[in-house]
> 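There's a structure below that I have some questions on.
Naming convention: chains lettered A, B, ... in sequence-line order (proteins, then strands); numbering from 1 in each chain.
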Protein chains: 2
Amino acid sequence: MGDQDFKNSVEATLKVIGGKWKPMILCHLQEGTKRFGELKREMPEITEKMLTEQLRELEQDGIIHRKAYIQVPPKVEYSLTEYGKTLREVLDVMSRWGSKHRMRRTE
Amino acid sequence: MGDQDFKNSVEATLKVIGGKWKPMILCHLQEGTKRFGELKREMPEITEKMLTEQLRELEQDGIIHRKAYIQVPPKVEYSLTEYGKTLREVLDVMSRWGSKHRMRRTE
DNA sequence: CGGTATCCGCGACGATACTG
DNA sequence: CAGTATCGTCGCGGATACCG
């Protein structure tokens, strides 16, 4: 693989998980299916607008699945797709490196 | 490790390599030591300002080493630190996932 | 050669109000 | 409950000029 491909592929990954809130969202969805309000409650700092936007982008990238129940009151569930679950390895490696890095910076 | 730590660690990694030009810079430095002008030539799209800024940040994070030769004309060499080389695993995993992701999107 | 300094546009992100 | 719509802010990154 050429340097260009290597770099472009890294950037493609960053586009998918690089959003400000996406790692956090993906982390919460590792635990399983969650409703919109559940995610909102677990991430009080995020606005509804940003949560919606980031969820939509993750959905478009095939990472998460959105299941809307047509009922009143509305109910929407978000979960990782099988494809989205393949991101776990990436997140794990990043988490491990980041954890060492943080330790290093505070030594 | 708690969810908070996991998420914070991923974000710590993103802070280090998430900059717009950093994956590209790190990719070029995998090949070995490079001079400022060399990097500039290999990345014609980046401005000198951004190249300088991103190199400084990578240096502050301990990822790269900056060696300035006190002479006229100036000569500055950048290289990965031993610590910076540990990022390779992270970049590799991201590259592999991103490459599959790009294929998937164009199927 | 390898940078700074300065100015500025634009898009990401936020706050708030409203709705099916 | 799960969103839109609208408006406002902020800082990243680009353009250009200058410097040791």
Side-chain angles (χ1 to χ4, degrees), chain A residues 7-8 10-29 32-61 63-80, chain B residues 7-8 10-29 32-61 63-80:
Chain A
K7 162 184 87 55
N8 287 337
V10 172
E11 281 169 356
T13 302
L14 285 173
K15 259 197 180 155
V16 173
I17 62 172
K20 181 172 182 185
W21 303 101
K22 288 180 184 175
M24 204 186 316
I25 293 171
L26 292 173
C27 179
H28 283 288
L29 287 181
T33 300
K34 303 256 178 155
R35 295 186 59 173
F36 183 87
E38 224 172 331
L39 289 169
K40 180 78 189 74
R41 236 174 301 116
E42 290 168 353
M43 298 178 276
E45 328 87 279
I46 193 173
T47 63
E48 291 184 356
K49 177 195 167 190
M50 288 314 297
L51 182 53
T52 304
E53 279 180 19
Q54 307 275 299
L55 286 169
R56 290 283 187 281
E57 289 178 22
L58 289 170
E59 190 190 357
Q60 272 165 39
D61 283 322
I63 308 301
I64 65 173
H65 177 67
R66 179 180 189 271
K67 180 170 185 183
Y69 296 83
I70 311 302
Q71 63 180 49
V72 179
K75 175 179 171 184
V76 181
E77 286 178 345
Y78 293 94
S79 55
L80 293 175
Chain B
K7 163 185 85 56
N8 287 338
V10 172
E11 282 170 355
T13 302
L14 285 173
K15 262 199 180 153
V16 173
I17 61 172
K20 181 170 180 186
W21 303 100
K22 288 180 185 175
M24 203 187 314
I25 292 171
L26 292 173
C27 179
H28 282 288
L29 287 181
T33 301
K34 303 256 179 158
R35 295 185 58 174
F36 182 88
E38 225 173 330
L39 289 169
K40 180 79 188 74
R41 238 175 299 116
E42 291 168 353
M43 298 178 277
E45 328 87 276
I46 193 174
T47 62
E48 292 184 355
K49 177 195 168 190
M50 288 314 297
L51 183 52
T52 304
E53 279 180 19
Q54 307 275 296
L55 286 169
R56 290 282 188 280
E57 289 179 21
L58 288 169
E59 190 190 357
Q60 271 165 40
D61 283 322
I63 308 301
I64 65 174
H65 177 67
R66 178 180 189 271
K67 181 169 185 183
Y69 296 82
I70 312 302
Q71 62 179 50
V72 179
K75 175 179 170 183
V76 181
E77 286 179 344
Y78 294 94
S79 56
L80 293 175

> Minimum heavy-atom separation for B:K7 to A:C27, with atom names?
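That closest heavy-atom pairing would be CB-SG, 4.4 Å.
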> Could you check which residues of residues 13-26 of chain B get a heavy atom under 4.0 Å from DNA chain D? Sort them by number, please.
B:K20, B:W21
> I'd like to check the side chain to side chain contact (heavy atoms under 4.5 Å, CB included) partners of A:K15; sequence neighbours left out, ordered by chain and number.
none
> Return the minimal non-hydrogen interatomic distance between A:L29 and A:Y78, and the atom names on each side.
CD2-O, 3.6 Å
> In whole angstrom, what separates A:E53's CD from D:dG3's C1'?
12 Å
> Can you check the B:Q54 CD to D:dC12 P distance for me, whole Å?
10 Å
> Could you pull out the protein-nucleic contacts involving nucleotides 3-8 of chain C (nitrogen or oxygen on both sides, under 3.5 Å)?
from  : atom 1 : to    : atom 2 : distance (Å)
C:dG3 : OP1    : B:R66 : NH2    : 2.4
C:dG3 : OP2    : B:Y78 : OH     : 2.9
C:dG3 : N7     : B:E48 : OE1    : 2.6
C:dT4 : OP1    : B:R56 : NH2    : 2.8

> Checking side-chain hydrogen bond (donor to acceptor under 3.5 Å, both in side chains) between B:H28 and each of B:E38, B:K34, B:E42, which is the one that passes?
B:E42
> Could you state the atom-to-atom distance from CG of A:L51 to P of C:dA12 in whole Å?
18 Å
> Between atom CG of A:L80 and atom CD1 of A:I25, what is the distance when rounded to the nearest 0.5 Å?
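The CD1 atom of A:I25 is 11.0 Å from CG of A:L80, to the nearest 0.5 Å.
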> Distance check needed: D:dG3 P versus A:E77 CD, whole Å only.
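For the pair A:E77 CD and D:dG3 P, the rounded distance is 12 Å.
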> Not counting sequence neighbours, which residues clear side chain to side chain contact (heavy atoms under 4.5 Å, CB included) with A:N8? List them please.
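Per chain and number, A:N8 pairs via side chain to side chain contact (heavy atoms under 4.5 Å, CB included) with A:Q4, A:E11, B:R102.
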> What is the nucleic acid contact for B:K75, judged by heavy atoms within less than 4.0 Å: base, sugar-phosphate only, or nothing?
sugar-phosphate
> For C:dG2, does OP1 or OP2 lie under 4.0 Å from any side-chain N or O of B:R35?
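Yes, because at least one side-chain N or O of B:R35 sits under 4.0 Å from OP1 or OP2 of C:dG2.
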> Given atom CE of A:M50 and atom P of C:dA15, what is their separation to the nearest angstrom?
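That distance rounds to 11 Å.
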> Pick one: which of A:K67, A:H65, A:R66 meets side chain to side chain contact (heavy atoms under 4.5 Å, CB included) with A:S79?
A:H65
> In residues 67-74 of chain B, what residues come within less than 4.0 Å of DNA chain C, judged by heavy atoms?
B:P73, B:P74
> Of the non-hydrogen atoms in B:I17 and B:L26, which two are nearest, and what is the gap between them?
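Shortest heavy-atom contact: CG2-CD1, 3.8 Å.
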> Shortest non-hydrogen contact from B:E48 to B:F36?
O-CZ, 4.2 Å
> To the nearest 0.5 Å, tell me how far B:E45 CD sits from B:K40 NZ.
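Spacing of CD (B:E45) from NZ (B:K40) equals 8.0 Å.
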> In whole angstrom, what separates B:K40's NZ from D:dG14's C1'?
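So the two atoms are 12 Å apart, to the nearest Å.
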> Holding to salt bridge (Lys or Arg N to Asp or Glu O under 4.0 Å), I want the full list of residues that pass it with A:K22, two or more places apart in sequence or in another chain.
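Expected list: A:E57.
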